[in-house]
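Step one of this worksheet: look at the structure below.
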Amino acid sequence: MEDLISQTLAIHVPPPPPGAALEPTTLERRELRPDDVRIDIAYAGICHSDIHQAKEEWGSAIFPMVPGHEIAGVVSEVGSGVTTHEVGDRVGVGCMVDSCGECEYCRAGTEQFCLRGNVQTYNGVGFDGENTYGGYSQQVVVKDHFVCRIPEGIGLDVAAPLLCAGITTYSPLNRWNAGPGKKVAVVGLGGLGHVAVRIAVAMGAEVTVLSQSLKKQEDGLRLGAEDYYATSDESTFTTLRSSFDLILNTVSSEIPVDSYLAMLRVGGAMVNVGAPSAPLSYSAFSLIGGNKVLTGSMIGGLPETQEMLDFCAEHGIGAEVETISADQVNTAYERVQNSDVRYRFVIDTATIGQQ
């Protein structure tokens with residue numbers, strides 16, 4: 001087997017503000033190892049974290065960079081030791097492509113907490129010392145354990161964002177028992193939030209969207225939310241005081257944490273999955289006064305990611321996407337930063353190299 005030359009979109013140099021453009025290039029993927037799967041990528045989602053990484057807003061990055069950790073495609077080749085996937089399988093890859101497989105967290109199926117450090121799908125370094133490159137590409141080679149099956153009934157385009165946005169929201173909703181009899185608030189109706197609403201509704205929870213304005217109210221209600229409130233209206237926090245069992249915060253911006261904690265019932269939890277660049281502050285009394293929990297959640301392990309995909313297939317859940325060609329990616333980055341997408345961009349990777 002020979003190394004594969006793959007068409008990709010890459011950022012070649014550390015980007016000066018407001019960020020360097022992605023450009024078509026070629027990349028040599030590794031020869032298949034016995035436990036590897038080669039995937040012909042059909043669609044790659046654009047996550048806001050791709051932009052944070054490209055602009056080095058989360059620390060120094062590795063260049064050249066090929067972003068993308070929302071990958072959906074079809075298996076084109078498998079290594080000699082692979083028994084879990086076959087050529088022609090519909091599959092996806094999320095935020096991780098390797099972990100030690102031996103520590104307590106890997107053995108428990110929570111590879112994201114690997115004590116040796118999970119290997120990120122891009123902007124990372126594998127245990128072999130080689131840099132990782134992501135899904136803005138026509139092919140990728142990934143260790144079989146980190147490849148998930150995409151069930152029939154979910155289009156590959158709407159499934160791609162589930163590999164990040166889906167598991168990022170499913171995991172905390174699952175952990176904190178969103179379901180019948182539970183009142184759940186989703187903060188933000190964006191790439192994460194719109195998926196969270198659909199999943200929480202499918203779990204049986206009563207869902208309310210908390211958004212800065214009412215401009216997406218019609219969408220929120222269409223997705224299954226029973227109520228929709230604007231947080232720019234100060235009366236919202238009074239009206240909804242002590243209302244929710246769970247608040248899932250999907251936004252990556254500064255919010256008045258104490259005001260949101262006041263909307264929790266006794267024993268309620270607020271979970272942050274958004275990652276603002278500045279620290280959030282709160283008063284300890286906002287927690288002590290109601291036995292409340294303020295916590296975070298980071299994606300999910302491989303077993304839970306497969307569980308999420310199966311759940312979404314069963315309930316007909318996919319992301320709402322705008323499919324773009326490769327020559328539209330830089331414009332899409334600008335639109336994401338301006339909140340001008342409903343609700344996830346996905347790249348048709350067949351268009352890479354056609355500019």
Separation of I317 CD1 from L223 CG (nearest 0.5 Å): 10.0 Å

D50 and Y333 side chains, donor-acceptor separation under 3.5 Å: no

E334-T331 side chain donor-acceptor pair, cut-off 3.5 Å: no

Donor-acceptor pairs are to be reported for all side-chain atoms of residues 94-105 against protein atoms at under 3.5 Å, with residues two or more places apart or in another chain.
| unit_1 | atom_1 | unit_2 | atom_2 | d |
| --- | --- | --- | --- | --- |
| D98 | OD1 | K143 | NZ | 3.2 |

Flag, side chain of D89 to backbone of E86, donor-acceptor distance under 3.5 Å: yes

K183, NZ atom: more than 12 neighbouring heavy atoms under 6.0 Å: no

Side-chain donor-acceptor pair present, D258, S286, cut-off under 3.5 Å: yes

Salt-bridge present (R222, E320; N to O < 4.0 Å): yes

Cation-pi geometry met for R335 and F345 (6.0 Å, 45°): no

Donor-acceptor pair between D219 and Q217 side chains, under 3.5 angstrom: no

Side-chain hydrophobic cluster, 4.5 Å single linkage: members besides L261: V187, L210, Y229, F237, L240, F244, I247, V251, I255, V257, Y260, M263, L264, M270, L280, Y282, L287, L294

Plane angle bin for H48 and H52 - parallel if under 30°, tilted between 30 and 60°, otherwise perpendicular: parallel

Heavy-atom neighbours of E57 CD exceed 12 at 6.0 Å: yes

Close side-chain approach of E111 to L302, heavy-atom, < 4.5 Å: yes

Intermediate values then yes/no, salt bridge (Lys or Arg N to Asp or Glu O under 4.0 Å), D36 and R29: CA-CA 12 Å; D36 275 341; R29 299 289 186 179; over 6 Å; no

Gap separating the CZ atom of R198 from the OG1 atom of T169, nearest 0.5 angstrom: 11.5 Å

